[in-house]
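Encoded as structure tokens, the structure appears first; notes follow it.
Every chain is numbered from 1 and lettered A, B, ... according to where its sequence line falls, protein lines coming before strand lines.
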Protein chains: 2
Amino acid sequence: MNPPIIVLVRPQLGENIGKAARAMLNFGLTEMRIVAPRDGWPNPSAGPAAAGADIVLDRAKVYETTAEAVADCEHIYATTVRKRGVTKPVVGPDNAARLMHTKAGRHAVLFGREASGLATEDVSLARHILTVPINPEFGSLNLAQAVILTAYEWSRIARKTGADSDLVQPTAEEELLPPAPQAELDGLVDQFEEMLRPRGYFLPEARADATRQTLRSVLTKPGWNHLEVRTFRGILRTLGRERRD
Amino acid sequence: MNPPIIVLVRPQLGENIGKAARAMLNFGLTEMRIVAPRDGWPNPSAGPAAAGADIVLDRAKVYETTAEAVADCEHIYATTVRKRGVTKPVVGPDNAARLMHTKAGRHAVLFGREASGLATEDVSLARHILTVPINPEFGSLNLAQAVILTAYEWSRIARKTGADSDLVQPTAEEELLPPAPQAELDGLVDQFEEMLRPRGYFLPEARADATRQTLRSVLTKPGWNHLEVRTFRGILRTLGRERRD
């Protein structure tokens, strides 16, 4: 799976370190590295903000410099809001995630301090710039949000299996009951017809076939499963009863 | 582009409404609807948390019920952390975004209150369940995070619409009429209920709500267009008549 390492460079607030940990663990990332945290480490405000993602904080390693933090990593991404010239390839979270799943070696993503982002020397360590494409008139992503989008994409691409995952299809459709067999649907259509005919629904006779077609196509569209067909037949039986009031 | 409408159902904290607005605007979403906000509207804590996304808050509309909030929408998604049974197709933010870009009609995404999420009756309004696939051992997404992942995916897929390979080719279904607005579907459901109640369909009373949910789910599944809904209402009127034989 090759999960990326999330590197927080000179973070200011312990609360934001906790929120980043929470964002990571939601999508299965557990390895955090912290470079020169302003308020030291451990930080008492990190735990509460992590909302239970303590495993990430407990395992977090602290380094003095960014270079030391990524010394054992083969692929380094520097997250920036703006593209720094054209000196390095710029990727979004989705393409970064694809690289993580296709390129062997350890991948590390650098996130800068809340106020000022990454310093130029941090960016110089990276082979890729990771930029979340945001609204040019309103760019306001905080640290935890940048982390969660990166973690989400890594997890999303990890679950993808080939091209068909790009098709529009409910991810859990397999879990749904299959449509009822045609015989059950016919039974429902017949029941409708038996109830509708004596009430004149298929008159005038000249239109009867077209009306029957419409009825069938409306009832065919849902692809009801056999439980749903059974529910509908119960509804029809009920409608056939006399009112009780 | 067909941007989705973000519907916050009974949100508790104004701060979270503001954070949701900020999350939306980062990815170009501007239409927010708020159902029965606990602390009323406008809410003084929303503005500061929006961090400049005032345009979203200023345009936000408030409704008393979820049904009213989505009455003019053709495609409704209910965000839940867990899958509610197997009655509706479940999509992730990526496939939901693809549906938004391929299906004609207005798309609305329902987000529940911070503490408890969406109520069953809110979910019953939706044709799709939107679930962010998260770490089964640690699921801790807050409201703004769920909103930002939805907005991010809509924006990501929007930027890809040039690349046909990434988007599903519209099928014949897309050329057909879009599903009827929620208000028309509600009319059909009401008509069913009016006819079924006096015939004892909702008895025993203890099961009435569950029975009503089942009825709505079965009727929501087809995504009938307004002609089909009209056909069905004609069928029901007919079934209400006396037999002629």
Validation row: B/N142, A/R22 side chains within 4.5 angstrom (heavy atoms): yes
Part of B/I235 within contact of chain A (heavy atom distance under 4.5 Å): both
Between A/N26 (side chain only) and B/S140 (backbone N and O only), is there a donor and an acceptor less than 3.5 Å apart? yes
Which bit of B/E153 is near chain A, if near means a heavy-atom gap under 4.5 Å: side chain, backbone, both or neither? side chain
By a 4.5 Å heavy-atom criterion (distance strictly below it), what part of B/L130 contacts chain A: side chain, backbone, both, or neither? neither
Is the shortest side-chain N to carboxylate O distance from B/R199 to A/E242 below 4.0 Å? no
Counting heavy-atom pairs under 4.5 angstrom with chain B, the leader among A/P136, A/A151, A/G28, A/P93 is A/P93
What part of B/A53 is in contact with chain A, defined as an atom under 4.5 angstrom from a non-hydrogen atom: side chain, backbone, both or neither? both
Proximal component of B/A50, with respect to chain A [non-hydrogen, under 4.5 Å]: backbone
Quick check on A/R207: does its CZ atom have over 12 non-hydrogen neighbours (other residues, nucleotides or ligands) under 6.0 Å away? no
Which portion of B/F138 sits near chain A, non-hydrogen atoms under 4.5 angstrom: both
Per-residue contact mode, B/I55 against chain A (heavy atom under 4.5 angstrom): neither
Correct closest heavy-atom pair for A/V218 and B/T231 would be CG2-CG2, 4.3 Å
When every non-hydrogen atom of A/W224 is compared with those of B/P222, the smallest separation belongs to CZ2-CG, 4.1 Å
Would you compute the distance between atom CG of A/L215 and atom CD of B/E228 and round it to the nearest 0.5 angstrom? 12.0 Å
Would a 4.5 Å heavy-atom cut-off, applied to side chains only, mark A/I148 and B/L141 as touching? yes
If you take all heavy atoms of B/L25 and A/N135, which pair is closest and at what distance? O-ND2, 2.9 Å
Mind checking whether B/F27 and A/P133 have side chains closer than 4.5 Å, heavy atoms only? no
Quick one, B/Y152 with A/D94, criterion side chain to side chain contact (heavy atoms under 4.5 Å, CB included). Give me CA distance, side-chain angles, the key distance, then yes/no. CA-CA 11 Å; B/Y152 163 80; A/D94 50 353; 4.2 Å; yes
Report which part of B/T214 has an atom under 4.5 Å of a heavy atom belonging to chain A: side chain, backbone, both, or neither. side chain
